[in-house]
Colleague: 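Once you've had a glance at the structure underneath, I'll fire off some questions.
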Amino acid sequence: MTNEEIILKSVQAHLTPAQRHEIAAAAYTPEQIAHAVEHIPDGLDALAASQVHTFAWWKDNGKSVKRGEKALFTCPLWKYTDKPSKAQIKAAEVAGKEVQPAAHYYPTTSYMFSRLQVESSKPAPAGRFKSIDEIKAYNKMLAEQRRAARVSAAIKTAADAIAQDVTTEARQAAQQAAARVVVAVEEHHELPELVEAPKPATKKARNVTPPDTIKITLHNNPQNYIELNPGFFPCGVGQFKQIMKLVREDTAHTDELTAAIIDILKRKASTCGPDQAAARRNLVALGEIKEEKSPVKVSNKPEFFETLMRNGSGNFRRLRSGYRAEYAGFTFFFSKCKDFKRWDIYESRCGLLALPDGMCGRTKAECASCLVKYFDVEKAKTLNLDKMEQIKKAAPLEAAASI
């Protein structure tokens, strides 16, 4: 059994259904859980098991076990080493030969913790204020400081007027101004009764063009123009070429408009989503970036393939439709889920998921990107795919398959 299978069996043996659901809900949405329960044998248990790991695994992935937490259970897991065993060392000494590295796996007792028991190893920085009362007290202090500054300025003005050789009316006016400020502070916001604030002048309403709107002048006539919202980009290659032709004809603003369009496209190209690939194509058309060839070769024609499933009575094969993909010496199939706007990636020989649910993207291009980013090639090379393929072929074919 692999480590994943051992953890799954241990989760089923040691945790209650409520505990498994709580662990799965900490990492997956209700929709993903419902899909797993409906389409994957022991789907809920598999999701929960994917969030149960050893202390060292969580540490390598930027998490640490919370203070005071105890292991959910212990189980024997396979651990890799290239150190020779005691018997091999002794045999080499007897033969008078140098001890050679001996790569092998050995079982070791592992203490398992769930996602609910860990936290980020780098805690978020503490806030400046710990409560709303502290924020109110700080704002009150700032208000008092501003009032004191106004009082000081008014008193200084009065003192300067008295010190200078000015008329009696000017001195009285300065003294009255200082008195009004002091009274306003002492009477707690009674200043509006002493000083009448002038009403601000009414401004005429005018049309303001949003700063991100792309305004293209046609035929160099300011009265003739089109406005494009940032949501218009990215667009189809043909449409994009027409827009850029109009931008180049607007000779007075060509550089400014081009820079604004590039900024919009770069922001969308750097964010994962449905517009990412289209934004990159637009940037390639502008010559801003070079077209990157994906190491994943995906077929354009769908074909049938078999996956290995499991239910209460054992393993069985299910027929599905997908697109063949080649990467790093492995063959995969990208298959679109019926009820959800996402895809699954299966390894062709063993018929199992190559990536967990929710990590495969919503298009074939996103699947290829996720495969390069998340698929562990080195770990996959250690698997016995020949044996796994034999297990798949030995399983009976599902009687009624819905493709």
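Bear in mind that the values here come from a model prediction, so they are computed numbers and not experimental data.
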Colleague: Using a strict threshold of under 4.0 Å (side-chain N to carboxylate O), is an ion pair present between Glu389 and Lys393?
Modeller: yes

Colleague: Do side-chain atoms of Thr54 reach the backbone of Met112 as a donor and acceptor pair under 3.5 angstrom?
Modeller: no

Colleague: Run the salt-bridge test on Glu119 and Lys66 with the 4.0 Å N-O cut-off and return the result as yes or no.
Modeller: no

Colleague: Do side-chain atoms of Arg318 reach the backbone of Glu398 as a donor and acceptor pair under 3.5 angstrom?
Modeller: no

Colleague: Does Asn282 use its side chain to pair, donor to acceptor, with the backbone of Cys235 at less than 3.5 Å?
Modeller: yes

Colleague: So, does Gln117 use its side chain to make a donor-acceptor pair with the main chain of Lys70 at under 3.5 Å?
Modeller: yes

Colleague: Can you confirm whether the side chains of Arg320 and Thr307 place a donor and an acceptor under 3.5 Å from each other?
Modeller: no

Colleague: May I ask you to decide if the ring planes of Phe305 and Tyr346 are parallel, tilted or perpendicular, using 30° and 60° as cut-offs?
Modeller: tilted

Colleague: Before you tell me yes or no, could you show the steps for Tyr80 and Thr382 under side chain to side chain donor-acceptor pair (under 3.5 Å), namely the whole-Å CA-CA distance, both residues' side-chain angles and the distance that decides it to 0.1 Å?
Modeller: CA-CA 11 Å; Tyr80 174 82; Thr382 64; over 6 Å; no

Colleague: Quick one: do Glu144 and Arg147 make a salt bridge, cutoff under 4.0 Å?
Modeller: yes

Colleague: Charged N to carboxylate O below 4.0 Å: is that the case for Glu4 and Lys379?
Modeller: yes

Colleague: Cation-pi check, Lys215 to Tyr225: give yes when NZ or CZ is under 6.0 Å from the six-membered ring centre and within 45° of the ring axis, no otherwise.
Modeller: yes

Colleague: Would you please classify the geometry between the Tyr327 ring and the Phe332 ring as parallel, tilted or perpendicular, with 30° and 60° separating the classes?
Modeller: tilted

Colleague: Just by modelled atom types, is the Thr217 backbone N or O under 3.5 Å from a matching donor or acceptor in the Asp250 side chain?
Modeller: yes

Colleague: Can you name the one residue among Phe113, Trp58, Tyr111 that meets ring pair (Phe, Tyr, Trp, His ring centres under 6.0 Å) with His53?
Modeller: Trp58

Colleague: How long is the span from the NE2 atom in His21 to the CG atom in Asp45, to the nearest 0.5 Å?
Modeller: 11.5 Å

Colleague: Please check: side-chain N/O of Asn3 versus main-chain N/O of Trp78, any donor-acceptor pairing under 3.5 Å?
Modeller: yes

